[in-house]
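Beneath this line is the structure, given in C-alpha cells, with notes to follow.
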Amino acid sequence: MILSSILEALGSILHILITLYTWVVIISALITWVRPDPFNPIVVLLTRLTEPLYSRLKAKLPLVFNGIDFTPLVVIVILQFLDMTLVKILLSYAARLQ
C-alpha cells in the first residue's frame, strides 16, 4: 500500500516535470525566432536549462539541416516517449500493488 502510493506519486511528479521541461523547450525554441536580448534574465534561464542537453545531442547526432536546428523537436519527442513509457509503467505498477 505504501509502496504503491510512493510509485504513484513519483509517476505523477515525473509527468509534471516532463511536461514542464517540454514547455521550457517550446518557449526556448520560439524565443530564438525573435532574436531576444541575450542578457535578459529569462533568456539566460532558458539557455541554461536547455543548452546542456542540446549540446550533448548535437555532439552525437547531426541535427542541423540547411540552417534549421531540429534539436528542440528531438528533445520533445524523447520527452514524450519517456512520458508515455516510464510514467505509464510506474502508474501501472503502482496500480498492481494496491
Side-chain angles (χ1 to χ4, degrees):
M1 180 76 171
I2 294 173
L3 183 61
S4 68
S5 297
I6 291 172
L7 287 176
E8 189 173 343
L10 284 174
S12 298
I13 291 170
L14 186 62
H15 172 69
I16 291 169
L17 289 175
I18 288 172
T19 303
L20 181 65
Y21 195 71
T22 301
W23 281 107
V24 166
V25 169
I26 291 169
I27 292 168
S28 175
L30 290 176
I31 282 181
T32 61
W33 291 355
V34 294
R35 294 228 184 229
D37 176 22
F39 301 108
N40 185 325
I42 294 173
V43 174
V44 170
L45 175 68
L46 290 173
T47 302
R48 286 185 184 168
L49 289 174
T50 56
E51 276 308 313
L53 183 59
Y54 288 177
S55 61
R56 286 186 189 134
L57 281 175
K58 287 177 186 177
K60 294 180 181 183
L61 299 170
L63 294 172
V64 179
F65 300 104
N66 293 330
I68 300 173
D69 187 8
F70 290 100
T71 310
L73 181 64
V74 171
V75 169
I76 290 172
V77 168
I78 291 169
L79 288 171
Q80 291 305 307
F81 176 77
L82 289 174
D83 194 24
M84 289 183 211
T85 57
L86 282 178
V87 173
K88 297 227 187 231
I89 288 170
L90 280 173
L91 293 177
S92 67
Y93 190 64
R96 282 189 214 160
L97 291 175
Q98 287 182 346

Quick one: [atom1] on [X] to [atom2] on [Y], what's the gap to the nearest 0.5 Å?
X: S28; Y: I42; atom1: OG; atom2: CD1; result: 12.0 Å
X: M84; Y: L82; atom1: CE; atom2: CG; result: 10.5 Å
X: L91; Y: L86; atom1: CG; atom2: CG; result: 10.5 Å
X: L46; Y: I31; atom1: CG; atom2: CD1; result: 5.0 Å
X: L57; Y: T50; atom1: CG; atom2: OG1; result: 11.5 Å
X: I26; Y: I76; atom1: CD1; atom2: CD1; result: 4.5 Å

Which atom of [X] lies closest to which atom of [Y], heavy atoms considered:
X: P36; Y: V43; result: CB-CG2, 3.6 Å
X: L7; Y: Y93; result: CD1-CD2, 3.2 Å
X: L97; Y: S4; result: CB-CB, 3.7 Å
X: L79; Y: I18; result: O-CG2, 3.4 Å

Linking I/L/V/M/F/W/Y whenever any side-chain heavy atoms sit under 4.5 Å apart, do [X] and [Y] land together?
X: L3; Y: I89; value: no
X: V25; Y: L61; value: yes
X: V75; Y: L73; value: no
X: F39; Y: I27; value: no
X: I13; Y: V87; value: no

With sequence neighbours excluded, what pairs up with T47 under the side-chain hydrogen bond (donor to acceptor under 3.5 Å, both in side chains) test? none

Ignoring hydrogens and geometry, is there a side-chain-to-backbone donor-acceptor pair from S12 to E8 under 3.5 Å? yes

Tell me if the CZ atom of F65 is crowded by more than 12 foreign heavy atoms within 6.0 Å. yes

Other residues, nucleotides and ligands only: do more than 12 of their heavy atoms fall within 6.0 Å of CG on L17? yes

Go through the steps to decide whether L63 and Y54 satisfy the test side chain to side chain contact (heavy atoms under 4.5 Å, CB included), and finish with yes or no. CA-CA 10 Å; L63 294 172; Y54 288 177; over 6 Å; no

Less than 4.5 Å apart, side chain to side chain, heavy atoms only: is that true for D69 and K58? yes

